[in-house]
A.B. asks: 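Structure in structure tokens, see below.
FYI, side chains are in, hydrogens and waters are out, and symmetry mates aren't considered; it's all heavy atoms of this structure.
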Amino acid sequence: RTLKRGGVEPPIIAAAIQAAGAWIPGVADAADISRVDGKMYFEIYRALGLDIELPDKALETGISLMWTALSTGRLRVFESCTDWFDEFRVYSRNIKGIIERQTDDCLDATRYILTSGLQRAKLPPTKKTFKVDGMEYARSSWMG
């Protein structure tokens, strides 16, 4: 999924993110916000239930990780992520080899996932009960 919305209130953004799974941890960029406001930005979103941290924003390392993952098939992007593909098509370097920063929010988010998010990744919570012959039992072990 991609979510690209500017000028939207934090509760709406948090709800849209949580729709994919409230348990999912993430990384978020507060670079365009002052140091004090950036801290408040994180506090607001954490208070709304998001588990977020600042990403490692290493540009060249992140681009290399992303290109390698795409080239080797370890990273795949669904066709439905049209915003991502719109950015990918125009992502380029100028004659001096410097990245032409245009619209790159989705690609930055992908880079942040690869540089920081994989360490935060986890499986969805498991169900604590199971059914046998229509009866529901709690999962436990002899060790508690």
Side-chain angles (χ1 to χ4, degrees), residues 1-132 136-141 143-144:
R1 294 173 51 157
T2 59
L3 173 64
K4 207 171 160 178
R5 306 254 330 249
V8 178
E9 292 75 21
I12 295 170
I13 294 293
I17 293 169
Q18 289 170 331
W23 59 271
I24 300 172
V27 291
D29 183 9
D32 294 336
I33 305 171
S34 73
R35 186 175 181 164
V36 173
D37 285 342
K39 186 176 180 183
M40 288 301 298
Y41 162 86
F42 272 84
E43 288 177 17
I44 289 167
Y45 282 98
R46 286 178 178 145
L48 291 167
L50 295 182
D51 177 9
I52 58 172
E53 291 181 5
L54 282 170
D56 175 350
K57 296 176 60 172
L59 181 64
E60 292 298 332
T61 300
I63 289 170
S64 178
L65 287 170
M66 185 165 52
W67 185 249
T68 301
L70 286 165
S71 300
T72 59
R74 290 183 300 125
L75 173 63
R76 297 178 185 171
V77 181
F78 287 98
E79 290 178 18
S80 60
C81 297
T82 56
D83 288 334
W84 192 94
F85 285 103
D86 289 345
E87 291 180 14
F88 186 74
R89 282 186 202 94
V90 297
Y91 203 73
S92 62
R93 295 180 185 269
N94 65 20
I95 196 157
K96 294 180 181 179
I98 299 169
I99 298 292
E100 293 287 331
R101 304 292 298 217
Q102 296 175 11
T103 310
D104 58 358
D105 299 326
C106 293
L107 295 179
D108 280 350
T110 304
R111 184 166 49 90
Y112 300 156
I113 289 167
L114 295 171
T115 58
S116 304
L118 294 178
Q119 295 87 341
R120 303 203 70 227
K122 62 183 180 181
L123 295 172
T126 58
K127 198 172 182 181
K128 302 257 192 248
T129 61
F130 62 96
K131 288 185 178 182
V132 176
E136 192 164 319
Y137 298 92
R139 251 184 229 288
S140 65
S141 71
M143 295 181 72

A.B. asks: If you take all heavy atoms of E87 and T103, which pair is closest and at what distance?
C.D. replies: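 Answer, listing the atom of E87 first, then T103: CG-O, 3.1 Å.
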
A.B. asks: What residues form a salt bridge (Lys or Arg N to Asp or Glu O under 4.0 Å) with D83, not counting sequence neighbours?
C.D. replies: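 Applying salt bridge (Lys or Arg N to Asp or Glu O under 4.0 Å) to D83 gives none.
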
A.B. asks: Can you tell me how far OH of Y91 sits from CZ of F85, rounded to the nearest 0.5 angstrom?
C.D. replies: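 Taking CZ in F85 and OH in Y91, the distance rounds to 15.5 Å.
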
A.B. asks: Name all residues meeting the ring pair (Phe, Tyr, Trp, His ring centres under 6.0 Å) criterion together with F42; count only those two or more places apart in sequence or in a different chain, and write none if there are none.
C.D. replies: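 Ring pair (Phe, Tyr, Trp, His ring centres under 6.0 Å) list for F42, sorted by chain: empty.
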
A.B. asks: E60: what forms a side-chain hydrogen bond (donor to acceptor under 3.5 Å, both in side chains) with it, not counting sequence neighbours?
C.D. replies: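 R93.
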
A.B. asks: Locate the shortest heavy-atom distance separating T115 from A58; write the atom from each residue and the value.
C.D. replies: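 In this case the closest contact between T115 and A58 is CG2-O, 4.3 Å.
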
A.B. asks: Quick check for you: to the nearest 0.5 Å, what is the distance between W84 atom CH2 and E79 atom CD?
C.D. replies: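 One finds 12.5 Å between CH2 of W84 and CD of E79.
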
A.B. asks: Rounded to the nearest 0.5 Å, what separates atom CD1 in I98 from atom CG in L59?
C.D. replies: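 Interatomic distance, I98 CD1 to L59 CG, rounded to 0.5 Å: 11.0 Å.
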
A.B. asks: Please tell me if the side chains of K57 and D108 come closer than 4.5 Å, counting only heavy atoms from C-beta onward.
C.D. replies: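 The answer is no, as the side chains (C-beta and beyond) never meet within the 4.5 Å cut-off.
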
A.B. asks: Using side-chain heavy atoms (C-beta onward) and a distance below 4.5 Å, is V90 in contact with E100?
C.D. replies: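 Heavy-atom side-chain distance check fails, nothing below 4.5 Å.
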
A.B. asks: I'd like to check I99 versus I63 (side-chain heavy atoms, cut-off strictly below 4.5 Å). Are they in contact?
C.D. replies: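 Yes. Closest side-chain heavy atoms under 4.5 Å.
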
A.B. asks: To the closest 0.5 Å, what do you measure between OH (Y41) and CG (D29)?
C.D. replies: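 The OH atom of Y41 sits 7.0 Å away from the CG atom of D29.
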
A.B. asks: Please determine whether the number of non-hydrogen atoms from other residues, nucleotides or ligands lying under 6.0 Å from atom CH2 of W23 exceeds 12.
C.D. replies: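 Check passes, neighbour count above 12.
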
A.B. asks: For the residue pair R1 and C81, what are the closest heavy atoms and their distance?
C.D. replies: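 Closest pair (atom of R1, atom of C81, distance): N-SG, 4.0 Å.
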
A.B. asks: Check the pair I113, M66 against side chain to side chain contact (heavy atoms under 4.5 Å, CB included), reporting the backbone distance first and the verdict last.
C.D. replies: CA-CA 9 Å; I113 289 167; M66 185 165 52; over 6 Å; no

A.B. asks: Which heavy atom of A28 sits nearest a heavy atom of I52, and at what distance?
C.D. replies: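 Taking A28 first and I52 second, the nearest heavy atoms are CB-CD1, 4.1 Å.
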
A.B. asks: List the atom of L50, the atom of I17, and the distance in Å for their closest heavy-atom pair.
C.D. replies: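 Shortest heavy-atom separation between L50 and I17 comes out as CD2-CG2, 3.8 Å.
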
A.B. asks: To the closest 0.5 Å, what do you measure between OH (Y45) and CG (D51)?
C.D. replies: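 These two atoms lie 15.5 Å from each other.
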
A.B. asks: Considering non-hydrogen atoms only, spot the tightest contact between P25 and K122 and give its length.
C.D. replies: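 Of all heavy-atom pairs spanning P25 and K122, the closest is CD-CE, 3.7 Å.
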
A.B. asks: Do L65 and R111 make a side-chain contact, defined as non-hydrogen atoms from C-beta onward lying under 4.5 Å apart?
C.D. replies: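 L65 vs R111: side chains apart.
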
A.B. asks: Indicate yes or no: at least one non-hydrogen side-chain atom of E53 is less than 4.5 angstrom from one of Q119.
C.D. replies: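 No, every pair of side-chain atoms sits at 4.5 Å or beyond.
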
A.B. asks: Mind checking whether L75 and T110 have side chains closer than 4.5 Å, heavy atoms only?
C.D. replies: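 Yes, side chains in contact.
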
A.B. asks: CG of L48 to CD of E43: how many Å apart, nearest 0.5 Å?
C.D. replies: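 Output value for this atom pair is 12.0 Å.
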
